2 protein chains.
Amino acid sequence: MKSSSYNSLKLISEKFSVSPTTVSRVLSGQAKKYRISPETEKAIKDFAIRENFTPNPIAKGLRLKKTLTIGLVIPDIANPFFAGIASQVVNVARTHGYSIVLCDSEENPALEQQSVELLWARQVDGMILCAVGQTADYLVRYAREKRPLVLVDRVFPDLGLPYVSADNFSGAKAATDYLLDNGHRRIACLQGMCGTAPSKARVSGYTTALHARGVPFDPRLVAGDSFGEQSGYLDTKLLLRAAPDITAIFAMSNLLALGALRALREENRAVPDDISVVAFDDQPYLAHLSPPLTTVAQPHLEMGAAAVKLLLDHMRNPANAMSSGLLLPTSLIIRKSVRKISQPTTQ
Amino acid sequence: MKSSSYNSLKLISEKFSVSPTTVSRVLSGQAKKYRISPETEKAIKDFAIRENFTPNPIAKGLRLKKTLTIGLVIPDIANPFFAGIASQVVNVARTHGYSIVLCDSEENPALEQQSVELLWARQVDGMILCAVGQTADYLVRYAREKRPLVLVDRVFPDLGLPYVSADNFSGAKAATDYLLDNGHRRIACLQGMCGTAPSKARVSGYTTALHARGVPFDPRLVAGDSFGEQSGYLDTKLLLRAAPDITAIFAMSNLLALGALRALREENRAVPDDISVVAFDDQPYLAHLSPPLTTVAQPHLEMGAAAVKLLLDHMRNPANAMSSGLLLPTSLIIRKSVRKISQPTTQ
DNA sequence: ATGAAAGCGCTAACAA
DNA sequence: TTGTTAGCGCTTTCAT
């Protein structure tokens, strides 16, 4: 129960009249290897368990230059999408003996960079980063130095860093196809922050779907420059004025969808009767909205888990850094926010 | 840009032909104190900035027995309530120079204890714990040892540990009063995990409100033993059979409310026309539900911030441990899930 | 089968 | 005004 009494190998070694080396070897499971007498081994082990002793990881970290620690930088841990990623990161890291040092960049690129540097300074063994911003040039240095760093969601394929992302292109294409199947032709698109990989991929999925069906692409139907609720609200209002003939809105984040819903309600446009809505990124509550929202689900839990695995892999084998980008499949969750307005076109 | 070249005081000291001590003093802002020549000071400082050098915190931690690190143990980081707490904890900790090591206990008391012990072993300077479970006897030891540890939300006042919680009693009382004001008399109550402080306080607020109005307390109207969605769903179903005459449900967590809504929808009971619902703990999406839910908002962001402040205070001044429990006020957010069914009784 | 000694990078007494 | 030394707690050569 008293844990403060025996808190170093030295103290324990004295108690058993052996050297700290021996204790260290026992406690790091190297007893066999060094043929330490079974009695000493058992005595020390039992004692350690009884007194709840663990060799000080700070000292260990200093000596071994390994801290069994992974840095996680997230734009906003209160956002359920990132919270989900974090939960998986924490859990799979733990099963591999790693702890997570969490930083929140508050959607601020400067703070993000600062956090990344802080974490390296803190000697984390590796890092998982959900970047914000359109660029992240400060990362090239870490890429060059081949530090174990994996990017999640907001990805920069050009940097040569491993990454994990949802297959945003296919997800957006599937959603747009679904809308087209339901007879929609004037489909507005509420995009996220321009220039970011997810936003580009999603818009590209949207236009690709349009082209494939021969539906003319109207740039005026693409609005927005942020993933937030406020932007969804504002841009929906504008869209409704600029293009009153739209029959559907594809909101490329769930916050965007929430904002759109709010605007639509204010403008007395019923969903889906007047306007259909498809969101991006599933969250449990979307099923409880009125109406329950059809959305493109991202496997965010898997993304978190995959990121840790990729990272651990790169930590063990720095050789295969630069390699792998992972694109995880999305799935279209059909609920009740899309109205069929005519026969589907031929498939 | 090359950060790996000069990565110790020693190297730098050699470069400038001074001792590591001098460099250490400069870099820890003690130049004045030791009257180090302004030139050396400036040279070293500039160099450190240019080369992006920070003294290794691991070595520092070993030497100083301080890691500038706070442990945070949370039952489920994917739960928006806890995610909100975490975001504040991370942010205010950062402004004070502390980093957060995050553990997720997955609502599992054994894992929680393990996490707490891991964090102490990792030499965190202090810890913030959102406990799960009805008891947490393993904590008495840390209370006795006067370790800097503050409890949040799921609180154990008897342990003599500082804590931060919402004023669950008053919140529940206010919600019940509101229901009573709207003419409800048969009010069911979906409680959380029995025996936990928040659940006890909330039920107690509920019964107190009832008594104050002379409304008889019917124990059959109190159901549930978990804060989860599933429990809300199931117990609402049971409640509807056991007490068909209820006109309102007070769901003591937002997940419970979601579950109740799902059950009600299945049973074709309209909210609020057939049954009124009040939830506990506000989340952004509650406003977007159908109907928008009336709820008792907990100041969870403030709770996170307050926890860190309390912790830092106790870290600086271990004397006032055992002292302070903080109860933060809740607020009733009135939306559209309660129907007025008669004149309010006289206040 | 076990130990002594060195050193990871840092800071704080104690010189000077 | 600056440096020397010791030591935080650990692991790892190298000896024995």
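Naming convention: chains lettered A, B, ... in sequence-line order (proteins, then strands); numbering from 1 in each chain. These numbers were taken from a predicted model, which means no experiment stands behind them. Excluded from the calculations below are hydrogen atoms, water molecules and symmetry mates; all remaining heavy atoms, backbone and side chain alike, are included.
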Tell me which nucleotide among [options] gets nearest to the side chain of [X].
| X | options | result |
| --- | --- | --- |
| B:Val18 | D:dT13, D:dG3, D:dG9 | D:dG3 |
| B:Ser19 | D:dC10, C:dC10, D:dG3 | D:dG3 |
| B:Thr21 | D:dG3, D:dC10, C:dA4 | D:dG3 |
| B:Arg35 | D:dT2, D:dT1, C:dA4 | D:dT1 |

If you look at every strand shown and take non-hydrogen atoms under 4.0 Å, does [X] touch a base, only sugar-phosphate, or nothing?
| X | answer |
| --- | --- |
| B:Leu9 | base |
| A:Phe16 | nothing |
| B:Ser17 | sugar-phosphate |

Could you state the interatomic distance from [atom1] ([X]) to [atom2] ([Y]), rounded to the nearest 0.5 Å?
| X | Y | atom1 | atom2 | result |
| --- | --- | --- | --- | --- |
| B:Ile77 | B:Cys103 | CD1 | SG | 11.0 Å |
| A:Leu159 | A:Arg144 | CG | CZ | 10.5 Å |
| A:Leu328 | A:Asp153 | CG | CG | 11.5 Å |

Note: contacts of residues 22-30 of chain A with DNA chain C (heavy atom, under 4.0 Å) are A:Thr22, A:Arg25
Heavy-atom contacts under 4.0 Å between residues 57-67 of chain B and DNA chain C, which residues?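 Hits under 4.0 Å, by residue number: B:Ala59, B:Lys60, B:Arg63, B:Leu64.
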Short side-chain donor-acceptor distance under 3.5 Å, B:Arg122 and A:Thr69: yes
Is any side-chain N of the basic residue among B:Asp46 and B:Arg50 closer than 4.0 Å to the acidic one's carboxylate O?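 No, B:Asp46 and B:Arg50 are not salt-bridged.
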Less than 4.0 Å between a side-chain N and a carboxylate O, is that true for B:Glu51 and B:Lys15? no
Measure CD/B:Gln123 against C1'/C:dC10 and give the value in whole Å, please. 16 Å
Quick check: closest heavy atoms across A:Ala136 and A:Phe156, and the distance to 0.1 Å? CB-CE1, 3.7 Å
My understanding is that only residues two or more places apart in sequence, or in another chain, count here; which of them pass side-chain contact (heavy atoms from CB on, under 4.5 Å) with A:Ser19?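 For A:Ser19, the residues satisfying side-chain contact (heavy atoms from CB on, under 4.5 Å) (neighbours in sequence not counted) are A:Thr21, A:Thr22.
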Which angle, to the nearest 10 degrees, lies between the helix axes at the two ends of the helix from C:dA1-D:dT16 to C:dA16-D:dT1, each defined by five pairs? 40°
Residue list, salt bridge (Lys or Arg N to Asp or Glu O under 4.0 Å) with B:Lys45, at least two apart or on another chain: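 B:Lys45 satisfies salt bridge (Lys or Arg N to Asp or Glu O under 4.0 Å) with B:Glu41 once adjacent residues are dropped.
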Partners of B:Phe82 by ring-ring contact (aromatic ring centres under 6.0 Å, His included), sequence neighbours excluded? none
If the plane angle is over 60° it's perpendicular, under 30° parallel, otherwise tilted; pick one for B:Phe16 and B:Phe47.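 B:Phe16 and B:Phe47: perpendicular rings.
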Check the phosphate of C:dC8 against B:Ser8, side-chain N and O only, distance under 4.0 Å to OP1 or OP2. Yes or no? no
